[in-house]
Number of protein chains: 2
Amino acid sequence: MAMSREQIMTAAIQHLNKDPSASVAQLAEAVGISRATLHRQFSNREELMLALARRGHDQWEQAQLAAGLDAATASGDRKTLEKALNDLLIGLIKIADEYGFGLTDHALAVHPELARRAEELEAREIAFYTAAQRAGLLSTELPVRWISDVVYGLMVAVREGLRRGDVARRDAPRLLLDTFARGAVPRRES
Amino acid sequence: MAMSREQIMTAAIQHLNKDPSASVAQLAEAVGISRATLHRQFSNREELMLALARRGHDQWEQAQLAAGLDAATASGDRKTLEKALNDLLIGLIKIADEYGFGLTDHALAVHPELARRAEELEAREIAFYTAAQRAGLLSTELPVRWISDVVYGLMVAVREGLRRGDVARRDAPRLLLDTFARGAVPRRES
DNA sequence: ATCGTTTGCGACAATCTTGTCTCAAATGCT
DNA sequence: AGCATTTGAGACAAGATTGTCGCAAACGAT
């Protein structure tokens with residue numbers, strides 16, 4: 001049975017999460033096909049990486065969509081924004097887990113097309129965070145770009161926690177939301 | 001004037017922060033010496049990387065020392081723990097900035113000796129976080145290993161924020177401490 | 001069973017990287 | 001100025017990676 005492009009990509013990503021510097025030969029082996037067949041689907045290594053990254057970006061965008069990010073931003077309504085924030089972060093967990101290697105891969109970050117796309121996606125979130133600040137949902141003492149960096153960093157943390165088994169998969173959403181919202185220091189016990 | 005080992009390492013790190021996959025030839029050029037000279041100081045690529053990582057780990061340990069981590073852990077005193085936590089996080093910022101590429105480099109993470117050393121250093125922090133939890137300084141609702149992952153993730157966030165210019169260097173400590181302690185959602189405005 | 005397609009295998013050239021070596025030039029010390 | 005050491009430049013071989021190709025085997029649909 002022919003391996004579909006999608007199947008190849010999924011298996012390739014899983015292996016890249018284990019070894020981000022895997023060669024094309026190693027990826028083909030991990031997928032369970034020959035190098036020639038892999039090259040018939042993706043003529044370049046870069047083409048494969050691009051396809052992976054694009055799918056990751058698509059999922060990212062999908063998470064934003066599913067969370068109703070833009071609508072929430074436009075509404076300015078606190079409850080709506082809060083729901084969207086939670087949905088977004090929970091959606092991003094899955095992506096961080098599945099596409100983890102891409103979080104910190106330099107080649108992807110440097111690629112012009114991918115960088116542009118990532119910027120667009122970030123820009124949407126930044127607009128969203130700004131609206132959330134205005135609604136009193138996010139602290140105005142933190143620069144909005146820092147908030148975006150924190151979300152990124154926490155995704156790296158989630159990935160690491162899951163990878164090392166520090167965090168049970170079903171606990172990840174609660175831990176992430178808790179930490180992002182309230183930090184690690186308990187409220188005054190006064 | 002002869003380039004000292006230390007000077008080579010510093011220049012190499014700076015370049016690796018820009019391009020984590022730089023070849024030995026590129027590193028030598030960035031340092032301003034010939035490849036032959038670089039190889040006279042570090043016979044292997046691995047030896048160079050090891051030396052860099054070891055220095056990073058030394059600085060990490062130094063930051064723990066300077067923060068009085070172990071003493072604070074042993075004391076169990078809340079004020080002492082709080083001061084140590086702040087000092088630690090601020091100390092780590094500098095390391096994340098200087099050795100940033102090492103935060104997410106897979107080859108380093110996989111190297112047995114380095115992994116062992118990192119584990120030891122983490123173990124100290126985990127003991128410290130545990131003490132901080134007992135003293136009511138850190139939330140007991142968060143698994144201590146997750147707290148450790150969060151610190152790691154926030155270091156990645158700091159590095160990213162500094163690299164992209166999202167965060168002014170002098171603001172980094174406040175933003176990091178604020179975010180780690182209280183999260184991004186403001187306290188009830190009641 | 002047959003025909004057309006897809007696959008794996010192996011070979012291949014091109015490129016890059018790494019580590020070594022030699023030798024002449026530069027440097028530093030006295 | 002003279003001498004010992006260090007450096008850079010370049011050549012070199014070995015190895016790995018990448019992308020291509022041809023061909024025989026496997027496969028799938030009819």
Side-chain angles (χ1 to χ4, degrees), chain A residues 1-56 99 101-102 104-114, chain B residues 1-56 99 101-102 104-114:
Chain A
M1 146 215 54
M3 279 262 185
S4 75
R5 243 177 112 92
E6 291 296 315
Q7 285 175 299
I8 293 175
M9 288 169 63
T10 300
I13 280 189
Q14 284 174 7
H15 193 258
L16 282 169
N17 280 332
K18 295 178 212 152
D19 179 8
S21 59
S23 69
V24 173
Q26 290 171 316
L27 291 179
E29 190 190 345
V31 173
I33 60 179
S34 76
R35 201 157 59 92
T37 303
L38 181 50
H39 266 115
R40 278 172 196 125
Q41 292 284 348
F42 303 93
S43 58
N44 285 339
R45 171 180 238 278
E46 186 181 346
E47 199 180 306
L48 170 60
M49 296 307 245
L50 261 179
L52 298 182
R54 277 197 267 253
R55 206 173 71 171
Y99 294 83
F101 90 98
T104 52
D105 186 285
H106 186 254
L108 299 185
V110 155
H111 192 286
E113 177 203 321
L114 299 178
Chain B
M1 143 218 55
M3 279 265 185
S4 75
R5 243 178 111 90
E6 291 296 314
Q7 286 176 298
I8 293 174
M9 287 168 64
T10 300
I13 281 189
Q14 284 174 10
H15 193 258
L16 282 169
N17 280 332
K18 293 179 214 151
D19 179 8
S21 59
S23 69
V24 173
Q26 290 172 315
L27 291 179
E29 189 189 344
V31 173
I33 61 179
S34 76
R35 200 158 60 94
T37 302
L38 181 51
H39 265 115
R40 278 171 197 125
Q41 293 283 348
F42 303 92
S43 59
N44 284 339
R45 171 180 237 279
E46 185 180 348
E47 199 181 306
L48 171 60
M49 297 307 246
L50 261 179
L52 297 182
R54 277 197 268 251
R55 205 171 74 171
Y99 294 83
F101 89 97
T104 51
D105 187 285
H106 186 252
L108 300 185
V110 155
H111 191 287
E113 176 201 322
L114 299 178

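Just the heavy atoms: all of them, side chains too, but no hydrogens, waters or symmetry mates, feed the values below. These numbers were taken from a predicted model, which means no experiment stands behind them. First the proteins, then the strands, lettered A, B, ... as listed; each starts at 1.
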Applying side chain to side chain contact (heavy atoms under 4.5 Å, CB included), can you list everything that pairs with [X], at least two apart in sequence or on another chain?
X: A:N44; result: A:E46, A:E47
X: B:E113; result: B:L50, B:R54, B:H111, B:R116
X: A:A53; result: A:L108, A:L114

Going by atom type alone, with no hydrogens or angles, which donor-acceptor pairs under 3.5 Å involve a side-chain atom of residues 29-36 of chain A and a protein atom two or more places apart or on another chain?
| unit_1 | atom_1 | unit_2 | atom_2 | d |
| --- | --- | --- | --- | --- |
| A:S34 | OG | A:A36 | N | 3.4 |
| A:S34 | OG | A:T37 | N | 3.2 |
| A:S34 | OG | A:T37 | OG1 | 3.1 |

Five-pair end axes of the helix from C:dA1-D:dT30 to C:dT30-D:dA1 and the angle they enclose, rounded to 10°: 40°
In whole Å, what is the span from the [atom1] atom of [X] to the [atom2] atom of [N]?
X: A:L27; N: D:dT17; atom1: CG; atom2: C1'; result: 12 Å
X: B:I33; N: C:dT27; atom1: CD1; atom2: C1'; result: 16 Å
X: A:Q41; N: D:dG19; atom1: CD; atom2: P; result: 15 Å
X: A:E29; N: C:dT7; atom1: CD; atom2: P; result: 18 Å

Less than 4.5 Å apart, any side-chain heavy atom of [X] and any of [Y]?
X: B:V24; Y: B:H39; result: yes
X: B:Q14; Y: B:T10; result: yes
X: B:F42; Y: B:R5; result: yes

Out of curiosity, B:D19 CG to B:F101 CZ, how far, rounded to the nearest 0.5 Å? 11.0 Å
Classify every nucleotide of nucleotides 15-22 of chain C by which part a protein heavy atom approaches to under 4.0 Å, writing B for the base, S for the sugar-phosphate alone and - for neither, in 5'-to-3' order. ---BBBBB
OP1 or OP2 of D:dG8 sitting under 4.0 Å from any side-chain N/O of B:T37? yes
